[in-house]
Amino acid sequence: MSEEKSLNFLEEIIEEDLRTGKYKSIHTRFPPEPNGYLHIGHAKSICLNFGLADKYGGKTNLRFDDTNPVTEETEYVDSIKEDVRWLGFEWDGEYFASDYFPQLFSFACDLIRNGHAYVDDSNSEEIAASKGTPTTTGKNSPFRERSIEENLRLFSEMKEGIFPDGAKVLRAKIDMASPNMHLRDPIMYRIRHVPHHRTGDKWCIYPMYDFAHGESDSIENITHSICTLEFEVHRPLYQWYIDKLGIFPSRQYEFARLNLNYTVMSKRKLLQLVNEGLVDGWNDPRMPTLSGLRRRGYTPESIRNFCERIGIQRRENIIDVGLLEFCVREDLNRIAERRMAVLDPIKLVITNYPVGQTEIVLAENNPEKEDHGGVRELPFCRELWIEAEDFMEVPAKKWFRLAPGQMVRLKNAYIVQCEGCVKDGDGKVIEVHCTYLPETRSGSDHSGINVKGTIHWVSVPHAIGSELRLYDRLFKMEDPASEDGDFKEHLNPDSLQVIRHAWLEPSLSQARAGEFYQFIRKGYFTPDHMLSQEGRPVFNRTVTLKDNWAKTQKK
RNA sequence: UGCCCGAUAGUAUAAUGGCAGUACGACAGAUUUUGGUUCUGUUUGUCUUGGUUCGAAUCCAGGUCGGGCAACCA
C-alpha cells in the first residue's frame, strides 16, 4: 500500500488547473537577474520550478531578467547556467528579457494608443513626492493628460536617444489614489545611456521589472509564474498589464523565500562580502552560494533533498542550517570512500614492533556499500601518527581511547596497550608509547579481546603532508541581517581554520577535485579545485561527523 | 494609523469539518573494528477571545504578534 504524499499549495493549484482543463500542460520558468551568483535560496526556486514541470510533464525555461544594464554582466550569466546544470536540471528554452526589447517597446506603444500610458517629464524627486505614501494618496502628474500623439512622439524620441538620462519616463496611467503603491502610475521605461551586456548600445531606454517580467512570461506562454512573497503586492499590476494588452494570461504565484540561520541570503550582502574581501570570492566555501557549496563538497543530490524536505509554503521561515548539514552527511555517508588522516598529530611508538619493518594491512573503502567498496592497502610500522586528542594521561570518565594501561584498536590493524608517554621540557606530551598484541591483527584476530575504542592512524614514514581547511559558520549570530547596524560586524572570525600540515594516508596524494572522502572519525573532505596541485591536494572540510563524545563532554 | 499576506512541538512541514502525524533536533537505550552509520523508545505543538457545528488546527468575527509595500532595482 503506497502512502499518499500530500501536495503543496502550488501542486494543488496545478492539479486543479489541469483537471478543469484550464491548461493542457504547464510551463514554468526560472528567471534570475544576472547580477550575482546563485545561492541556496535560488536552489529552492530552481527545484520548485523544474520539479513542478517534471512532475506534471511540463516545461521550464531559463530566462535571464536582464533589464538593468547597470548591474548585469555576462560572467553572471555563465555562472548561473553552470550552477543550474550542476544542480541537475536542464531547461527547455533559454531566453533573455533583453531579447524581447522590440516586442516590449511595441507593447508599450499599444498601451499609449489605448490611453493607458503617458510620458512624464517630472524628475525622480518630483515623481517620488507626488506618489504619496502608504497612508496618503498621490497626486496626478501635470503631464498625465498629454495627447496620444504627443506621447507616441515623445516615447519614440526617448528611444532615439535625444533626451538625457532621467529627463523623461514612460508611466502607466492607472490610479494615483490606489491603496496599492504599485498601481500609482508605475514607471514602465526609464532612459539609461548605458551599454547592455547583450544589446550593447542599441537601446537607451530600458523597461522596468514590472513591465518586463509579466510580458516576458506571457510571450513564453508561461502558465505558472512563481516568485517570492515580496512580489505579492505586484500581482495586481502584473495582471493589469496583461489584461490591458490582451496577451496570454500568465498568472503569478508567490511562495516564501528560504532563510538559513547563521548566514545571509541577499545578493547585495553577498556582493559586499566579496567586494570588501571578507571572503575569497563568490565561491568561497563559507558562502551559501551554489558555487561555494560545491567547492565546499556539497553534492547536488544533498541540496535537492534539502529543498524537498523544507517544503513550499507562504509563511516566513528560518531553516536551521543543521538540516542542510544532515542532508549532506546523509548523502556523503552513502558515497564517500573512507580514508585516514591525522589533523593534530602526535607520535605513537609501538615499542615491541621491529624497527624498520613494514607490513601491509587491508582497509575497506566504504562499509555502507554491498562489497564495502573494495579494499585498499595501508602500510603499518613501528611509528605512527595519531590524533593528539586520542591520548589522555589522566583519562576522563568513560574514556575509550589511549591512556596509560588502556587498550585500543588501531583501525584495520592491531590492538595496542598504552605503556606511557614522553614529555618535553614544558611538560607537553610529544610521544605515546605502547605495545601491540600480534595475535589481534584485523581479519585474523582470535584473541577474544574486546576493546571499546578504535582510533585512526597513519604510518610516519609513509604519510603525506597536506593542507586542510576547516570551515565553521560564517556568522556568529543566527540572523545577522535582522539587527540594526552593519551585518558584517557579526562575522565569525574563526570561520576558517587552516591546518597547514596534516598527515594523510599515502593513497590520498592522488585525490582529485570532485571526489568525496570521509576522513574516519573527523569528517567529510573534498580536494579544493583551486588550491590543489598535481600530487599535492588541499582539502576542504565539507562537514564534521556527528560527535556524541564531544557533545557529552560539553555537558 | 492605509493596503496586502501570514501564524500547528526548538526548527520546518502534514492533517482540506471527524484519533494532531512526519522529518530534523534533544533525551534514553541497542548494535558497531569510525564515540560515524543503523535500529528502538521518550519528549515537546494548533497565537488569543468569541461564534457556527453533534464535532473546529480547519469555517466566521474581533484582537494580538510577525512579514511585505512609498527604487527611474529585481
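A, B, ... follow the sequence lines: proteins, then strands. Residue 1 opens every chain.
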With heavy atoms under 4.0 Å as the rule, sort Phe231(A) into base, sugar-phosphate or nothing. base
Under the rule for side chain to side chain donor-acceptor pair (under 3.5 Å), what residues qualify as partners of Asp17(A), not counting sequence neighbours? His224(A)
Suppose we define a pair by two distances each less than 3.5 Å, Watson-Crick or G-U wobble; what does rU42(B) pair with here? rA26(B)
Distance, C1' atom - from rU58(B) to rA7(B), rounded to whole angstrom: 14 Å
With sugar-phosphate meaning primed atoms plus P, OP1 and OP2, does Glu368(A) contact a base, only sugar-phosphate, or nothing at under 4.0 Å between heavy atoms? base
Would you please say whether a donor-acceptor pair under 3.5 Å links the side chains of Glu215(A) and Tyr238(A)? no
Pairwise C1' distance for rC59(B) and rG25(B), with rounding to whole Å: 35 Å
One thing to verify: whether Glu330(A) and Arg309(A) come together as a salt bridge, which I'm taking to mean a side-chain N less than 4.0 angstrom from a carboxylate O. yes
Considering only the P atoms, how many Å lie between rC47(B) and rU13(B), rounded to the nearest integer? 14 Å
What integer distance in Å separates Glu389(A):CD from rU34(B):P? 16 Å
Nearest-neighbour nucleotide for the Asn548(A) side chain, rU34(B), rA74(B), rG36(B) considered: rG36(B)
Between Arg409(A) and Lys131(A), name the one whose nearest nucleotide on RNA chain B is closer to the 5' end. Arg409(A)
Of the candidate nucleotides rA23(B), rA70(B), rG67(B), which contains the atom at the shortest distance from the side chain of Arg309(A)? rA23(B)
C1' atoms of rU8(B) and rU44(B), separation to the nearest Å: 13 Å
Is it true that Thr440(A) and Asp445(A) share a donor-acceptor pair across their side chains at a distance under 3.5 Å? no
Ignoring the backbone of His182(A), work out which of rU11(B), rC69(B), rG36(B) is nearest its side chain. rC69(B)
Given rG68(B), rC72(B), rC4(B), identify the nucleotide with an atom nearest to the side chain of Glu230(A). rG68(B)
Distance-only donor-acceptor test, Thr454(A) side-chain atoms vs rU34(B) base atoms, 3.5 Å: no
May I ask you to say what Ser122(A) touches in the nucleic acid, namely base, sugar-phosphate or nothing, with a heavy-atom cut-off under 4.0 Å? base
Remember a base hit wins even if backbone is also touched, and classify Phe326(A) as base, sugar-phosphate or nothing at under 4.0 Å, heavy atoms. sugar-phosphate
Between Ile318(A) and His234(A), which is nearer to the 5' end of RNA chain B once each is assigned its nearest nucleotide? Ile318(A)
Base, sugar-phosphate, or nothing for Ile310(A), non-hydrogen atoms under 4.0 angstrom? sugar-phosphate
Base, sugar-phosphate, or nothing for Arg235(A), non-hydrogen atoms under 4.0 angstrom? nothing
Counting the atoms with a prime plus P, OP1 and OP2 as sugar-phosphate, which does Leu229(A) contact under 4.0 Å by heavy atoms, base, sugar-phosphate, or nothing? nothing
Selected nucleotide, minimal atom distance to Ile127(A) side chain, candidates rA15(B), rC72(B), rA70(B): rC72(B)
Establish whether the base of rG36(B) is bridged to the side chain of Arg329(A) by a donor-acceptor pair shorter than 3.5 Å. no
Quick one: label Asp320(A) by what it contacts on the DNA or RNA (base, sugar-phosphate, nothing), any heavy atom closer than 4.0 Å. sugar-phosphate
Could you work out which one of rG25(B), rG35(B), rC24(B) sits closest to the side chain of Lys546(A)? rG25(B)
Give none if rG6(B) has no partner; otherwise give the nucleotide forming a Watson-Crick or G-U wobble pair with it, both distances under 3.5 Å. rC65(B)
Pair Glu232(A) + Arg314(A), salt bridge at N-O below 4.0 Å: yes
The nucleotide from rU34(B), rA15(B), rA70(B) with an atom nearest the side chain of Pro134(A) is rA70(B)
With rounding to whole Å, what would you report as the distance between rG21(B) and rC54(B) at their C1' atoms? 25 Å
Check this for me: does any side-chain nitrogen of one of Glu389(A) and Lys522(A) sit under 4.0 Å from a carboxylate oxygen of the other? yes
Which value, in whole Å, describes the distance between the C1' atoms of nucleotides rA12(B) and rG18(B)? 26 Å
What is the distance from CD1 of Ile174(A) to P of rC3(B), rounded to the nearest Å? 20 Å
Mate of rA56(B) where both pairing distances stay under 3.5 Å, Watson-Crick or G-U: none
In whole angstrom, give the distance that lies between atom CD of Glu325(A) and atom P of rG36(B). 16 Å
Categorize Asn412(A) for me: base, sugar-phosphate, or nothing, with a 4.0 angstrom heavy-atom threshold over every strand shown. base
Ignoring hydrogens and angles, state whether a donor on the side chain of Glu33(A) or Asn35(A) is under 3.5 Å from an acceptor on the partner side chain. yes
What's the closest nucleotide to the Tyr209(A) side chain, out of rC5(B), rU33(B), rA74(B)? rA74(B)
Base, sugar-phosphate, or nothing: which does Lys551(A) touch, judged by heavy atoms less than 4.0 Å apart? sugar-phosphate
Asn8(A) side-chain proximity, nearest of rG36(B), rA70(B), rA14(B): rA14(B)
Partner nucleotide of rU37(B) by Watson-Crick or wobble geometry (both distances under 3.5 Å): none
Classify the side-chain pair Asp210(A)/His182(A) by whether it contains a donor and acceptor separated by less than 3.5 Å. no
Distance-only criterion, 3.5 Å: show the donor-acceptor pairs between side-chain atoms of residues 160-168 of chain A and protein atoms not counting sequence neighbours.
from      : atom 1 : to        : atom 2 : distance (Å)
Asp165(A) : OD1    : His193(A) : N      : 2.8

Could you tell me whether Gly523(A) contacts a base, only the sugar-phosphate backbone, or nothing, with contacts defined as non-hydrogen atoms closer than 4.0 Å? nothing
In whole angstrom, what separates Phe306(A)'s CZ from rU13(B)'s P? 11 Å
Take atom C1' in rG29(B) and the same atom in rG68(B), then report the distance between them in whole Å. 48 Å
Looking for any heavy atom pair under 4.0 Å, which part of the strands does Gln313(A) touch: base, sugar-phosphate only, or nothing? sugar-phosphate
Check every atom of rA70(B), rC72(B), rG68(B) against the side chain of Val233(A) and return the nucleotide holding the closest atom. rG68(B)
Measuring only the C1' atom in each nucleotide, how far is rG55(B) from rA15(B)? A whole number of Å is fine. 16 Å
Classify Arg314(A) by what it touches in the nucleic acid, base, sugar-phosphate, or nothing, heavy-atom distance under 4.0 Å. sugar-phosphate
With heavy atoms under 4.0 Å as the rule, sort Ile520(A) into base, sugar-phosphate or nothing. base
To the nearest Å, how far apart are Phe400(A) CZ and rG36(B) P? 10 Å
Return the value, rounded to whole Å, for the distance between atom CZ of Arg315(A) and atom C1' of rU46(B). 11 Å
Can you tell me the distance, in whole Å, between the CE atom of Met181(A) and the P atom of rC72(B)? 10 Å
